[in-house]
Amino acid sequence: MDVLQYKNLIDGVWQAASSGQTVDIHCPCDGALVSRVPSSQAEDVNRAVAAAKQSFEEEDWAFNPRLRAQCLSAWAAAMRASHEHLAARLALETGKPINEARFEVNSSIGYVEYYAAAARTLYGTSTAVESGLLSVLAREPVGVVAVITPWNYPVTLLMRDMAPALAAGNTCVLKPATQTTGCTLEVLKLLDGISIFPKGVVNAVSGRGSITGAVLADHPDVDMISLTGGLETGQEIMKTAARTMKKASLELGGKSPNIIFADADLEKALPFALKAIFMNAGQLCTVGSRLVLEESLVDYFLPRLKEEAEKLRPGHCMDEQTSLGPVISQEQMDKILGYIDSGKACSTLVTGGYRLTENGLDRGFYIAPTIFLNPPMDASIVQEEIFGPVLTVQTFKTKEEALAIANGTPYGLASAVWSRDIDKAMWVARRLRAGSAWVNCYNKLLPECETGGYKQSGMDRAGGAEGMLKYTEVKHLCIDFMR
Ligand code: NAD
């Protein structure tokens, strides 16, 4: 396997960090070295922001939606042509099974294509206030946007967050998550082959969040911060945004409930419930980590879910047969195992509950799919985002009880309800305090549709029209003319 070396992208030129320092990235499956990326400091950030600012002020980009649409379309096509290579680099850095990596690259392309078209739809409104007085509300880009992304879906979230910023006419400085810098920069390398894409519109500086990310967010010439990440980082960014008066969009964590009533289509619900928690080894913001089951269903549903969970095949990400990858790091694994220990102390362990070490898995960070039955509502495994393959199952008798369990955490990112009784399903769905409420499905994350958080899951929306409008300012143009 090749070890690939990466540089920062500043004003269309790939360049090493000014300090010359790098960070090594290892595959979470077996610890193999896969990428070497720059460790950037304030000087690199300053240069990237200056390039983005200049590109914004040159106006070719900011005032030219047709060019933006063409550039984004070309980028999507280039990603499609490099699909397999991008998927492989993504799998090697995250450890996710290659099939899941392919799915992720496709999903990322979907966002670019959607926003390529949407770039030409930034409509404003007009009002004839009185004879000889016309008011126009026009959408304009905010300016330089700092796009800060996480490691769990680094390629999809790159485009979910950056493509709409570009479509709206902003220029960007990307700070990818350290762990997945290489696969993120692979996507940016495709810009080298798109001659119409103006230099300096997309810039990237890699490095640690607390250094590179913090300097970028704080920079006076950055007009807006778009963060997808954890709650604590969101709180830091809000402080920075308040101090420097910037717009901030925050897509944060979750602890999402998946409610299944006894009258649901259980054959359909079972694979969704399984995938909702064990996809990407549970490292998904909208993961269905709390299964909320009608009590009469437990004896039928839980043994089947357990059986399916135990069938998941752990292995190396590049093995086509693998259906369960490792978690991202030793630190993350230790944190998850700590939650598992606390779960054993307060609830019934249905399956899993340990690190997988056989057949060479001890070289990576594998955890057996784990299910706990009926932990108390205030248990940390119910209240806190674990970000690993750990499911809690809680039972209810009435729809009111189901709703109270579902809404009983500080998070509000996603939710789902399953029932053949549409009146009951809609009663619950409308009362779920979450940015997404799926009815008889789970994790339908679509470029056309918004996701985002209530409560501590964030501010603003990603995806869909709202996901682009947040990257705009509204200007009131008032035209006084002959009456
Ligand atoms: P994280 O918050 O640790 O890091 C996210 C990004 O922020 C990284 O690029 C990191 O380097 C950077 N960062 C960290 N500290 C910073 C600081 N002080 N200033 C500026 N940048 C800083 O999150 P993570 O561990 O990479 O990702 C997992 C978290 O992201 C989970 O909580 C997950 O739920 C959340 N997430 C949310 C969504 C969503 O759409 N709501 C999607 C994916 C992941």
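In listed order, ligands and their atoms are each counted from 1. Please read all numbers here as calculations on a predicted model, not as lab measurements.
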- prompt: Just which atoms of ligand 1 are under 4.0 Å from any heavy atom in N152?
  reply: 43 (C), 44 (C)

- request: Tell me which part of L231 gets within contact of ligand 1: side chain, backbone, both or neither, using heavy atoms under 4.0 Å.
  value: neither

query: Considering residues, nucleotides and ligands other than R139, do more than 12 of their heavy atoms fall under 6.0 Å from its CZ?
result: yes

- line: Logged contact type for E385 with ligand 1, heavy-atom cut-off 4.0 Å, is side chain

- request: Determine whether the side chain, the backbone, both or neither of L252 has a heavy atom under 4.0 Å from any heavy atom of ligand 1.
  value: backbone

- prompt: Looking only at heavy atoms, which two atoms of Y442 and S415 are closest? And how far apart?
  reply: CE1-C, 4.5 Å

query: T240: heavy atom below 4.0 Å from ligand 1, yes or no?
result: no

- request: Return the minimal non-hydrogen interatomic distance between V155 and C183, and the atom names on each side.
  value: CG2-O, 4.2 Å

Per atom 21 (N) of ligand 1, closest listed option by heavy atom (A462, S329, G209, A146): G209

- line: If you scan protein heavy atoms around atom 12 (C) of ligand 1, the nearest is I148 CG2, 3.6 Å

message: Which residue and atom name correspond to the protein heavy atom nearest atom 25 (O) of ligand 1, and how close is it?
response: W151 NE1, 2.8 Å

- prompt: Charged N to carboxylate O below 4.0 Å: is that the case for E450 and K470?
  reply: no

query: Closest approach of C317 and C29, non-hydrogen atoms and distance?
result: N-SG, 3.4 Å

- prompt: Which heavy-atom pair separates Y366 from P326 by the least distance, and what is that distance?
  reply: CE2-N, 3.4 Å

task: Just go through T149, T233, T178 and tell me whose heavy atom is the nearest to atom 6 (C) of ligand 1.
output: T149

- line: Heavy-atom nearest pair, D24 first then R36, reads OD1-NE, 2.6 Å

field: Polar proximity ligand 1 side, E236 side, N/O cut 3.5 Å exclusive
entry: no

query: Judged by atom type as modelled, is there a donor-acceptor pair below 3.5 Å linking the side chain of K247 to the main-chain atoms of V145?
result: no

query: What do we get for L157 next to ligand 1 when only non-hydrogen atoms under 4.0 Å count, side chain, backbone, both or neither?
result: side chain

Protein contact of atom 28 (C) of ligand 1 - nearest heavy atom, named by residue and atom, plus distance: F387 CE2, 3.6 Å

- request: Could you find the nearest protein heavy atom to atom 20 (C) of ligand 1 and give me its residue, atom name and distance?
  value: G213 C, 3.2 Å

- request: Below 4.0 angstrom from a heavy atom of L227, which ligand 1 atoms are there? Numbered from 1 as shown, please.
  value: 7 (O)

- request: Select one of side chain, backbone, both or neither to describe which atoms of P150 lie under 4.0 Å from any atom of ligand 1, heavy atoms only.
  value: both

query: Where's the contact between L413 and ligand 1, heavy-atom distance under 4.0 Å: side chain, backbone, both or neither?
result: side chain

message: Would K175 count as being in polar contact with ligand 1, using the rule that some N or O on each side must be under 3.5 angstrom apart?
response: yes

- request: Could you list which atoms of ligand 1 come closer than 4.0 Å to a heavy atom of E251?
  value: 37 (C), 38 (C), 39 (C), 40 (O), 41 (N)

message: Counting only heavy atoms not in E43 (residues, nucleotides, ligands), do more than 12 fall under 6.0 Å from its CD?
response: no

message: Once you restrict to heavy atoms under 4.0 Å, what part of T228 touches ligand 1? Side chain, backbone, both or neither.
response: both

- line: Heavy-atom closest pair (K344 atom, L349 atom, distance to 0.1 Å) is CE-CD2, 4.0 Å

message: Is it the case that atom NZ in K275 sees more than 12 heavy atoms from other parts of the structure closer than 6.0 Å?
response: no

message: List ligand 1 atoms under 4.0 Å from I237, heavy atoms only on the residue side.
response: 19 (N), 20 (C)

- request: Determine, stepwise, if the pair T240 / D218 fulfils side chain to side chain donor-acceptor pair (under 3.5 Å).
  value: CA-CA 6 Å; T240 305; D218 199 50; 5.1 Å; no

- request: Look only at interatomic distance and state if R160 has a nitrogen or oxygen under 3.5 Å from any nitrogen or oxygen of ligand 1.
  value: yes

- prompt: At a non-hydrogen distance cut-off of under 4.0 Å, which region of E331 contacts ligand 1 (side chain, backbone, both, or neither)?
  reply: neither

Centroid-centroid distance, W418 to F272, less than 6.0 Å: yes

- request: Before accepting this row, confirm whether a basic side-chain N of the pair E93/R89 lies closer than 4.0 Å to the acidic partner's carboxylate O.
  value: no

message: Heavy-atom contact check, 4.0 Å cutoff: does P176 meet ligand 1?
response: yes

message: So, regarding G230 and ligand 1 (criterion: nitrogen or oxygen to nitrogen or oxygen, under 3.5 Å), is there a contact or not?
response: yes

message: Within the supplied structure, the quantity of interest is the number of heavy atoms (other residues, nucleotides, ligands) at a distance under 6.0 Å from K444 NZ; does it exceed 12?
response: no

- prompt: Between Y153 and ligand 1, which part of the residue brings a heavy atom under 4.0 Å of the ligand: side chain, backbone, both or neither?
  reply: neither

Options C285, G253, G229, ranked by nearest heavy atom to atom 35 (C) of ligand 1, top entry: G229

